[in-house]
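The structure appears right after this line, and notes come after that.
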Amino acid sequence: MSIFSAIKSDIEVILKDMARRENWPEGLPIDRVTVEPPRDASHGDVATNAAMVLAKPIGAKPRAIAEALAQALEALEVVESADVAGPGFINLRLDPDVWRREVVEILRLGVDYGASAIGGGKPVNVEYVSANPTGPLHAAHARGAVFGDALAALLEKAGFAVTREYYINDAGAQVATLARSAHLRYREALGEDIGAIPEGHYPGAYLKDVGQALAAEFGDRYAKAPEEEWLELFRSRTVALMMDGVNADLIALGVDIAVFTSERALVDAGAVDRVLEALEARELVYTGTLEPPKGKILEDWEPRPQLLFKATQFGDDVDRPLKKSDGSWTYFSNDIAYHLDKYRRGFAEMIDVWGADHGGYVKRMKAAVSAVTDGAGALDVKLCQLVHLYDGGTPVRMSKRAGTFVTLRDVIERVGPDVVRFIMLTRRNDQTLEFDFQKVVEQSRDNPVFYVQYAHARAASVIRNAAEDPTGFDLSDAALSKASLACLTDPDELGLIKVLAGWPRLVEAAAEAHEPHRVAFYLGDVAAAFHGLWNKGKEDARLRFIAEGDPETTRARLALVRATATVIASGLAVIGVSPVEELRE
RNA sequence: GUCCUCGUAGCUCAGUUGGAUAGAGCACCAGAUUCCUAAUCUGGGGGUCGCAGGUUCGAAUCCUGCCGGGGACACCA
């Protein structure tokens with residue numbers, strides 16, 4: 001139990017007691033009581049708004065309640081002082097031993113420190129990347145891949161049973177085009193001069209390998225055959241090869257997705273027909289004609305009766321088509337089937353990670369999930385904004401047509417997976433992000449990856465130096481946790497511990513908000529507190545971690561150093577970045 | 001035209017789901033190195049939280065309307 005939740009339950013006990021004695025009304029909004037660190041550290045260690053939240057229902061003045069509550073809190077052993085401030089806040093200062101004991105807890109739990117049970121083992125499905133299998137992943141996919149993966153890890157840390165999933169869009173016209181493009185490369189591989197790749201095909205050179213593979217497998221059997229004979233075969237072969245490449249790139253980024261679901265397999269299995277039945281059973285389908293969209297000129301628009309889903313009943317702006325004009329299912333229909341499939345596999349909670357350009361699709365998808373699960377399924381959609389690539393301040397221009405796009409593989413090979421992963425989380429997902437190839441590998445304060453990794457490496461370095469001491473400490477965590485932590489008296493030492501003790505709280509808040517970037521920002525705070533303390537030892541030798549001639553203090557400080565490294569490693573594990581022991585040029 | 005999203009220090013961005021006097025980094029100014037990695041740190045100045053209303057003990061945060069940037073708007077995926 002974290003320090004804050006422990007205090008909260010203490011407060012609840014006291015409040016119940018007061019309610020009984022003072023004859024407070026039933027049904028007080030206890031759940032609105034917060035116990036958290038105050039924004040301004042000078043206010044103390046812990047603040048609660050209990051008196052302000054309860055004042056109105058009780059019919060008393062906030063400060064009067066606060067005074068009584070503060071008095072009761074002051075009697076607690078862990079509380080050093082309790083003061084009423086402002087409109088009725090109660091600020092608590094805790095016995096420093098409360099904080100020191102947290103160091104022991106960190107060393108005991110190791111990188112598992114911060115794990116929470118709020119998820120209660122509830123299944124959650126996180127679907128991310130899901131790029132079309134028509135080519136290799138490019139740089140822009142990195143953001144969704146890292147975001148989704150970190151979110152999944154964060155939810156695991158918070159006690160959810162997470163499944164990482166990728167939806168393969170292998171059912172539409174694009175993969176047919178892919179198959180035709182592959183057929184061209186197949187003929188090329190057989191020695192035919194195919195000339196320039198015709199308009200409407202994928203020109204990418206990456207399909208040459210596919211052509212070779214197809215030629216090796218089938219010889220010239222389909223070189224001159226009509227399309228009906230090879231299209232399906234080539235489609236499935238090419239998609240499989242593309243997905244092998246996609247998965248290899250994801251693995252190189254440290255993204256290990258457990259479930260790949262094929263859109264086509266769902267369609268072939270009749271999942272979409274069943275969705276239509278489910279919608280019809282709820283009277284949510286009808287045939288109607290949509291108004292032409294305004295503000296966008298469509299030359300080929302013609303009013304047409306279509307099979308529509310009553311999305312407006314669930315908060316969408318217009319009803320949405322389920323079938324195309326040629327009678328086949330829309331992508332949307334297939335996607336409803338996919339989400340219902342996820343729901344039926346046991347995921348009442350689903351998270352989709354999409355590019356921001358799909359923002360216009362969110363309402364209808366949520367509407368559909370709500371409809372087909374009768375409100376029991378919850379879908380959260382996280383939109384990732386664009387990544388702008390730079391190289392030393394110069395924008396990297398990318399054009400698919402000119403074939404100058406930067407692949408994910410390129411980025412990983414140039415800066416390494418750790419850098420990619422960390423940088424992708426240095427902005428909220430809905431903000432655009434700059435990624436400069438040169439800046440992200442700089443070893444300076446400006447570079448958050450370096451700054452955090454250096455803190456971990458520096459901690460490791462201190463331990464290495466201590467190990468060289470001839471007096472020979474036992475530097476295992478188990479031994480260090482028995483150190484006399486009362487030696488940790490400097491405000492900055494206690495300040496660092498307080499930052500470290502915030503890790504469990506942060507995990508829970510970030511997991512509930514589905515915001516993994518908070519982990520990256522938190523790690524920056526930990527690193528800043530640690531670097532600050534380290535540098536204080538530069539100026540004042542008495543504050544150095546390794547205190548000459550004072551083994552007891554040294555051991556206590558080394559315990560703190562190890563605790564710091566442990567929390568950083570724990571946070572980096574959520575992001576999927578390796579904690580380095582050493583940074584040397 | 002409709003919907004989504006963002007708007008916070010000169011710049012780049014956080015802001016603990018509604019808390020107190022809104023915070024970091026960069027840049028600027030002034031400092032710290034016989035010393036555990038100075039690849040770092042300390043201090044200082046800098047704000048109409050786009051604007052205007054509303055909700056309440058309390059709003060950067062929630063609601064409404066404007067202004068400005070970005071994105072999306074039958075059948076593509």
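To find a chain, count down the sequence lines: A is the first, B the second, and so on, and within it residues start at 1. All values derive from a computational prediction rather than experimental measurement.
Classification of the A/Phe405-A/His138 ring pair by plane angle, with boundaries at 30° and 60°, yields perpendicular.
Within the shown strands, B/G10 is the pairing partner of B/C26 under the Watson-Crick or G-U definition, both distances less than 3.5 Å. Checking B/C66 for Watson-Crick or G-U wobble geometry (two distances, each under 3.5 Å) identifies B/G50 as its partner. In this structure, B/C41 and B/G31 make a Watson-Crick or G-U wobble pair, each of the two defining distances being under 3.5 angstrom.
Considering only side-chain N and O atoms, A/Gln431 lies nowhere under 4.0 angstrom from the phosphate OP1 or OP2 of B/U12. For B/U37, neither phosphate oxygen OP1 nor OP2 lies less than 4.0 angstrom from any side-chain nitrogen or oxygen of A/His456. One finds a side-chain N or O of A/Arg458 lying less than 4.0 angstrom from the OP1 or OP2 phosphate oxygen of B/A38. Within the structure, every side-chain polar atom (N or O) of A/Lys324 is placed at least 4.0 Å from both OP1 and OP2 of B/A74. For A/Thr330, no side-chain nitrogen or oxygen approaches OP1 or OP2 of B/C75 to under 4.0 Å. Listed pair A/Arg39 / B/U16 meets the phosphate criterion, a side-chain N or O lying under 4.0 Å from OP1 or OP2.
By the 6.0 Å and 45° rule, A/Lys323 stacks over the aromatic ring of A/Trp329.
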Set out, in order, the CA-CA distance, both residues' side-chain angles and the distance that settles side chain to side chain donor-acceptor pair (under 3.5 Å) for A/Lys8 and A/Thr48, then state yes or no. CA-CA 9 Å; A/Lys8 185 168 185 184; A/Thr48 179; over 6 Å; no
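Taking only side-chain atoms of A/Asn465, from C-beta outward, the nucleotide of B/U16, B/U37, B/A77 with the closest atom is B/U37.
Looking at A/Lys342 and A/Asp352, a side-chain N of the basic residue comes within less than 4.0 Å of a carboxylate O on the acidic one, giving a salt bridge.
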